[in-house]
Amino acid sequence: MATSPETMIQQPTRDRPWPDSAESPVHSYNEWDPLEEIIVGVISGAAVPEWDIAVASTMPRQSEELFRSRVGGGFPDEHVRLAEEELNRFAAVLTEAGIRVVRPAPINHRRPFATPNWCSPGGVYSAMPRDLLLIVGDTIIEAPMAWRARYFEIDAYRPLLTDYFRRGARWIAAPRPQLLDQWYDPDYDREHPQVSGRYLTLEHEPTFDAADFVRCGHDIFVQRSHVTNRLGIEWVARHLGNDYQVHEIDVVDPAPMHIDASFMPLAPGKLLLNPQRVVSAPAMFESWQVRWAPKPTLPQDHVLYMSSAWVSMNVLMLDETRVVVEASETPLIDLLKDWGLEIVPVQFRNVMRFGGCFHCVTADIYRRGELRSYF
């Protein structure tokens, strides 16, 4: 039956009309303009992912036994409970600072799912929106993630993204990858992938995690990693167009995944680097002050399921002078104070067990500022 053009597009409801102005509720060009609205993740409903080749390429080897024994089930209840308390307290700190905080919908990730090509015993969590959502200007970009367990993770954010779109934001999704077995290189370099060029992800189709990108106005920096391939980098660069220049950063990491524990522009003229992963600052930062993050202070026996202790440098800027830092990271706090920054200390060591810190567990939706160049 033929359909008239008028019935092809769902009309807005009266209580949620299309925007009358061009102003978007999404507006963020860098990591430091004054923050007004942010998504903070949730840890409830988290599942232990399958220890497949993609997970094994980036996760701590000591996590393998737990991942295999609890696949599709939950992480230890006490760790999840404590992490949830820390996330809620962090959200409260942001709210007290005058920032609007929104959270994803509660999702049970302990449910198996499948595509026509493979099946997964469960998902992971809704704790790390930075991994899924790349915000550039007034545009939300959904990432085509390389982990099969994260294939439907975006579902927890659908109500938020739909609301932002209805109110005027741009919203696009990269092509959903098939993630076939042959899409992964079984002989990937487990020691020096940056030297050999042998990363886990091959170039059959674009893939990237949004957390492999950081924004500095017209310039966006990215690392090639086990979850972000060159096709993915090219897809982002081409869709952003001529207003942006995407630069690939050399990061020395045997298990590369996410740039924000290695390379963090904190404010105009301030660049924080991981001394174990970045040999030197790119030449275009020659006019910037560059400082090297101190060694993390996490005790050796503190269990980290999904990352190294270097998530300590995964800080969040509230504006050019205020920075949220893990409260026990005294050497980092001292460095940032000496740099003229105001510290907002928050306890977060239980959240860190699950692979991220303040930058990872957020997606900054609105920062008050304009698109400009910092170089």
- prompt: With a 4.5 Å heavy-atom cut-off, do Met145 and Thr207 have their side chains touching?
  reply: no
Salt bridge (charged side-chain N to carboxylate O under 4.0 Å, His left out) pairs, two or more places apart, involving residues 305-322: Asp319-Arg322
- prompt: Hey, mind stepping through Leu87 and Val361 against side chain to side chain contact (heavy atoms under 4.5 Å, CB included) and telling me if it holds?
  reply: CA-CA 8 Å; Leu87 277 166; Val361 304; 4.0 Å; yes
Lys/Arg cation over aromatic Tyr366: Arg100, 6.0 Å, 45° cone: no
query: Hey, is the main chain of Phe354 close enough, under 3.5 Å, to the side chain of Tyr125 for a donor-acceptor pair?
result: yes
- prompt: If two hydrophobic side chains count as joined below 4.5 Å and joins carry through other members, does Leu132 share a cluster with Ile39?
  reply: yes
- prompt: For Tyr151, is the NZ or CZ atom of Arg176 found under 6.0 angstrom from the centre of its six-membered ring and inside 45 degrees of the ring axis?
  reply: yes
Arg167 and Glu23, any side-chain heavy atoms less than 4.5 Å apart: no
- prompt: Between Asp138 and Arg170, is there a side-chain N and carboxylate O pair less than 4.0 Å apart?
  reply: yes
- prompt: Can you pull the salt bridge (charged side-chain N to carboxylate O under 4.0 Å, His left out) pairs that have at least one residue in residues 262-284, sequence neighbours excluded?
  reply: Asp253-Arg277
Salt bridge (charged side-chain N to carboxylate O under 4.0 Å, His left out) contacts touching residues 187-199 (sequence neighbours left out): Asp185-Arg198
Closest heavy-atom pair and its distance - Ala156, Ser126: CB-OG, 3.3 Å
message: Under a 3.5 Å distance rule, please check whether Glu31 uses its side chain to pair with a backbone N or O of Val214 as donor and acceptor.
response: no
message: Treating Trp118 as the side-chain partner and Gln178 as the backbone partner, does any N or O pair qualify as donor plus acceptor under 3.5 Å?
response: yes
query: Out of Trp32, Trp288, Tyr29, which residue meets the ring pair (Phe, Tyr, Trp, His ring centres under 6.0 Å) rule with Tyr374?
result: Trp32
task: Mark yes or no for whether His204, through its side chain, and Gln182, through its backbone, hold a donor-acceptor pair below 3.5 Å.
output: yes
- prompt: Who pairs with Ala92 by side-chain contact (heavy atoms from CB on, under 4.5 Å), at least two apart in sequence or on another chain?
  reply: Arg89, Glu96
statement: Nearest heavy-atom approach of Ala261 to Met313 is O-SD, 3.2 Å
- prompt: Mind checking what makes side-chain hydrogen bond (donor to acceptor under 3.5 Å, both in side chains) contact with Arg68, not counting sequence neighbours?
  reply: Glu64
- prompt: Any Lys/Arg nitrogen of Arg166 or Asp163 sitting under 4.0 Å from an Asp/Glu carboxylate oxygen of the other?
  reply: no
Heavy-atom pair of closest approach, residues Trp51 and Ser63: CZ3-C, 4.0 Å
- request: Just jot down the side-chain contact (heavy atoms from CB on, under 4.5 Å) partners of Asn88, sequence neighbours excluded, or say none.
  value: Glu84, Arg103
query: Given the rule that I, L, V, M, F, W and Y join up when any side-chain heavy atoms are under 4.5 Å apart, are Leu180 and Leu231 in one cluster?
result: no
Which atom pairs, donor and acceptor, lie under 3.5 Å between side-chain atoms of residues 242-251 and protein residues at least two apart or in another chain?
{"from": "His247", "atom 1": "NE2", "to": "Asp219", "atom 2": "OD1", "distance (Å)": "2.6"}
{"from": "Glu248", "atom 1": "OE1", "to": "Arg230", "atom 2": "NE", "distance (Å)": "3.1"}
{"from": "Glu248", "atom 1": "OE2", "to": "Arg230", "atom 2": "NH2", "distance (Å)": "2.7"}

message: Let me check something: do Ile259 and Met257 share a hydrophobic cluster, defined by ILVMFWY side-chain heavy atoms less than 4.5 Å apart, either directly or through other members?
response: no
query: Just wondering, are more than 12 heavy atoms of other shown residues or ligands nearer than 6.0 Å to CD in Gln62?
result: yes
- prompt: Do Thr115 side-chain atoms and Asn117 backbone N/O form a donor-acceptor pair below 3.5 Å?
  reply: yes
- request: Could you please spell out the steps behind the side chain to side chain contact (heavy atoms under 4.5 Å, CB included) verdict for Thr201 and Arg224?
  value: CA-CA 10 Å; Thr201 48; Arg224 173 74 167 94; 3.0 Å; yes
query: What do the steps show when you test His258 against Asp209 for side chain to side chain donor-acceptor pair (under 3.5 Å), and what is the final call?
result: CA-CA 7 Å; His258 303 165; Asp209 276 16; 2.7 Å; yes
message: Has Arg111 got a side-chain atom pairing as donor or acceptor with Asn108's backbone, closer than 3.5 angstrom?
response: yes
- prompt: Can you check whether Leu94 reaches Leu318 side chain to side chain, under 4.5 Å on heavy atoms?
  reply: yes
query: Do you reckon Tyr184 sits in the same ILVMFWY cluster as Tyr199, going by side-chain contacts under 4.5 Å, direct or chained?
result: no
task: List the atom of Pro275, the atom of Trp292, and the distance in Å for their closest heavy-atom pair.
output: CA-CE3, 3.6 Å
Pro60 side chain reached by Tyr305 side chain, heavy atoms, under 4.5 Å: no
- line: Members sharing Val195's hydrophobic cluster, built from side-chain contacts under 4.5 Å between Ile, Leu, Val, Met, Phe, Trp and Tyr, are none
- request: Give a yes or no answer on whether the side chain of Arg130 reaches the backbone of Asp212 with a donor-acceptor pair at less than 3.5 Å.
  value: no
query: Does any N or O in the side chain of Thr228 come within less than 3.5 Å of the main-chain N or O of Ser225, such that one atom is a donor and the other an acceptor?
result: no
query: Relative to each other, are the rings of Phe221 and Phe263 parallel, tilted or perpendicular (30° and 60° limits)?
result: tilted
- prompt: Between His226 and Tyr188, what is the ring plane arrangement, given parallel below 30°, perpendicular above 60°, and tilted in between?
  reply: perpendicular
message: Quick check: is Leu266 connected to Leu316 through a chain of hydrophobic side chains (ILVMFWY, heavy atoms under 4.5 Å apart)?
response: no
Over all atoms of both residues, closest heavy-atom pair of Pro25 and Tyr164: CG-O, 3.6 Å
task: Using atom types as modelled and distance alone, determine if a side-chain donor or acceptor of His192 lies under 3.5 Å from a backbone N or O of Pro254.
output: no
message: Assess whether a salt bridge exists between Arg148 and Asp181, defined as any Lys/Arg side-chain N lying under 4.0 Å from an Asp/Glu carboxylate O.
response: yes
- prompt: Any side-chain donor-acceptor pair under 3.5 Å between Arg349 and Thr297?
  reply: yes
- prompt: Mind checking whether Asp33 and Arg368 have side chains closer than 4.5 Å, heavy atoms only?
  reply: no
- prompt: Step by step, would you call Phe348 with Ser328 a side chain to side chain contact (heavy atoms under 4.5 Å, CB included)?
  reply: CA-CA 9 Å; Phe348 226 54; Ser328 300; over 6 Å; no
statement: Only residue of Val227, Leu179, Asp131 satisfying side-chain contact (heavy atoms from CB on, under 4.5 Å) with Arg150 is Asp131
- prompt: Given a cutoff of under 4.5 Å between side-chain heavy atoms of I, L, V, M, F, W and Y, with clusters grown through shared members, what are the other residues clustered with Val252?
  reply: Val279
message: Which heavy atom of Pro121 sits nearest to which heavy atom of Val71, and what is that distance?
response: CG-CG2, 3.4 Å
task: Kindly state each residue pair satisfying salt bridge (charged side-chain N to carboxylate O under 4.0 Å, His left out) with at least one member in residues 231-241, sequence neighbours excluded.
output: Glu234-Arg238
message: Ignoring hydrogens and geometry beyond distance, is a side-chain donor-acceptor pair present between Ser312 and Glu326 at under 3.5 Å?
response: no
- prompt: With no hydrogens and no angle check, is any side-chain donor or acceptor of Asn274 less than 3.5 Å from a backbone partner on Ser262?
  reply: no
- prompt: Transitive ILVMFWY cluster of Leu304 at side-chain heavy atoms under 4.5 Å: who else is in it?
  reply: Leu298, Val311, Met352
message: Applying side-chain contact (heavy atoms from CB on, under 4.5 Å), can you list everything that pairs with Ala47, at least two apart in sequence or on another chain?
response: His109, Arg110
